[in-house]
Amino acid sequence: MSYTTLASEEGFHGRAFSVRVDTVRRPDGASMRVEVVDHPQAITLVPIDREGNIWFVRQYRHSCGKVMLELPAGTLEPGETPEACAVRECREEIGMAPGRLDRLGGFYLAPGYSTEYLHLYRVSALTPAPLDPDADEDLQIEKVPLTDLAQLVESGMLEDAKSLAGLLLARRFLIPT
């Protein structure tokens, strides 16, 4: 399968992402227009404390029009490694520094229209080390015991795709064998 980009036009450039429209030649020779959201790589964290709680954040998501429960996450700064971003975001979002950082994998958030790739980390051995949150973030920390995690997911209260995918990839650390 060979797809070739014939042209690319930026239609919007914002603080968090940009949007472009590509003209692409398909393997059968036909061309198509594809809208693409360009977004930097990001991280998602599964913070686990010594008491067996997963740390989540609640925050208002304007695009959804509601406050949502999510795993902590954030976007890589230019030149920042995923590991450095994970440590920074852990400190900014839940006020804790990870003593241990384990990469669990990664995934594209919405490959049908976005370039955003998320690196997933389990963070543990947490110690207090807060950094100021981003100016546009109003976060509330919520700890969920591992014993309540299945009910949280099954109830539909956790609607965030990166959080659901993150918990699935972290399941070997979350479910007793």
Side-chain angles (χ1 to χ4, degrees), residues 16-17 37 39-77 80-177:
F17 63 86
V37 174
H39 188 284
Q41 293 185 31
I43 58 91
T44 299
L45 305 174
V46 181
I48 304 173
D49 65 22
R50 288 176 176 89
E51 290 77 38
N53 298 303
I54 303 292
W55 292 43
F56 290 87
V57 293
R58 281 197 186 274
Q59 62 183 317
Y60 176 71
R61 293 301 197 178
H62 185 73
S63 60
C64 302
K66 61 182 166 179
V67 174
M68 297 186 72
L69 183 66
E70 305 174 23
L71 288 172
T75 303
L76 274 70
E77 299 290 337
E80 187 176 39
T81 66
E83 294 80 11
C85 181
V87 171
R88 177 180 53 78
E89 288 291 344
C90 193
R91 294 180 65 201
E92 287 178 3
E93 296 216 345
I94 65 169
M96 304 295 275
R100 182 169 177 163
L101 187 69
D102 298 301
R103 188 170 194 285
L104 302 177
F107 51 91
Y108 285 94
L109 182 63
Y113 63 85
S114 176
T115 63
E116 184 175 0
Y117 185 84
L118 288 149
H119 302 268
L120 178 69
Y121 292 91
R122 177 183 73 140
V123 293
S124 56
L126 302 171
T127 57
L131 287 176
D132 289 336
D134 291 338
D136 62 347
E137 288 183 324
D138 181 18
L139 305 174
Q140 296 158 349
I141 299 165
E142 187 166 321
K143 299 176 193 177
V144 176
L146 285 176
T147 55
D148 297 347
L149 202 53
Q151 180 184 9
L152 176 70
V153 171
E154 292 166 8
S155 72
M157 294 294 295
L158 194 60
E159 300 177 282
D160 172 51
K162 72 181 176 308
S163 296
L164 292 166
L167 292 173
L168 177 64
L169 289 172
R171 71 190 178 282
R172 69 181 178 268
F173 296 105
L174 308 177
I175 301 170
T177 55

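Along the sequence shown, the residues carry numbers beginning at 1.
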Query - Between CD1 on residue I43 and SG on residue C85, distance to nearest 0.5 Å - result: 4.5 Å
Report summary line: Here the gap from E116 atom CD to Q41 atom CD, rounded to the nearest 0.5 Å, amounts to 9.5 Å
**Report entry** Under 3.5 Å side-chain donor-acceptor pair for Y60 and H62
**Finding:** yes
Report task. Sequence neighbours left out, what passes salt bridge (charged side-chain N to carboxylate O under 4.0 Å, His left out) with R103? Give chain and number order. Result -> none
Query raised in the report: Excluding sequence neighbours, so at least two apart, what forms side-chain hydrogen bond (donor to acceptor under 3.5 Å, both in side chains) with D148?
Result: none
Query - N/O donor-acceptor pair under 3.5 Å between S124 side chain and I48 backbone - result: no
Query - For E83, all residues meeting salt bridge (charged side-chain N to carboxylate O under 4.0 Å, His left out), sequence neighbours excluded - result: none
Report summary line: Rounded to the nearest 0.5 Å, the CG atom of L71 sits from the CZ atom of F56 at a distance of 4.5 Å
Can I get a per-line list of side-chain donor-acceptor pairs under 3.5 Å for residues 90-98, giving both atom names and the distance, sequence neighbours left out?
residue: R91; atom: NE; partner: A129; partner atom: O; Å: 2.7
residue: E92; atom: OE1; partner: R88; partner atom: NH1; Å: 3.4
residue: E92; atom: OE2; partner: R88; partner atom: NH1; Å: 3.4
residue: E93; atom: OE1; partner: A73; partner atom: N; Å: 3.2

Report task. Considering non-hydrogen atoms only, spot the tightest contact between A170 and L104 and give its length. Result -> CB-CD1, 3.6 Å
Query raised in the report: Roughly how far, to the nearest 0.5 Å, is CG of N53 from CD of E142?
Result: 10.5 Å
Query raised in the report: Do you know the tightest heavy-atom contact between L168 and R171?
Result: O-NH1, 2.7 Å
Query raised in the report: Side-chain contact, heavy-atom cut-off 4.5 Å: L69 with L152?
Result: yes
Query raised in the report: How many angstroms lie between CD1 in I54 and CG in L45, if you round to the nearest 0.5 Å?
Result: 11.5 Å
Query - Pairs involving residues 117-126, ordered by first then second residue, that meet salt bridge (Lys or Arg N to Asp or Glu O under 4.0 Å) (sequence neighbours left out) - result: D102-R122
Report task. Measure the shortest side-chain to side-chain distance between E51 and K143 over non-hydrogen atoms and say whether it is less than 4.5 angstrom. Result -> no
Query - Side-chain donor/acceptor of T44 to backbone N/O of L120, under 3.5 Å - result: no
Requested in this report: First locate atom CD of E89, then atom CG of L131, and finally report the distance between them rounded to the nearest 0.5 Å.
Outcome: 9.5 Å
Query raised in the report: What residues, two or more places apart in sequence or in another chain, satisfy side-chain contact (heavy atoms from CB on, under 4.5 Å) together with Q140?
Result: R58
Query raised in the report: At their closest point, which heavy atom of F17 faces which heavy atom of H39, and how far apart are they?
Result: CB-CD2, 4.2 Å
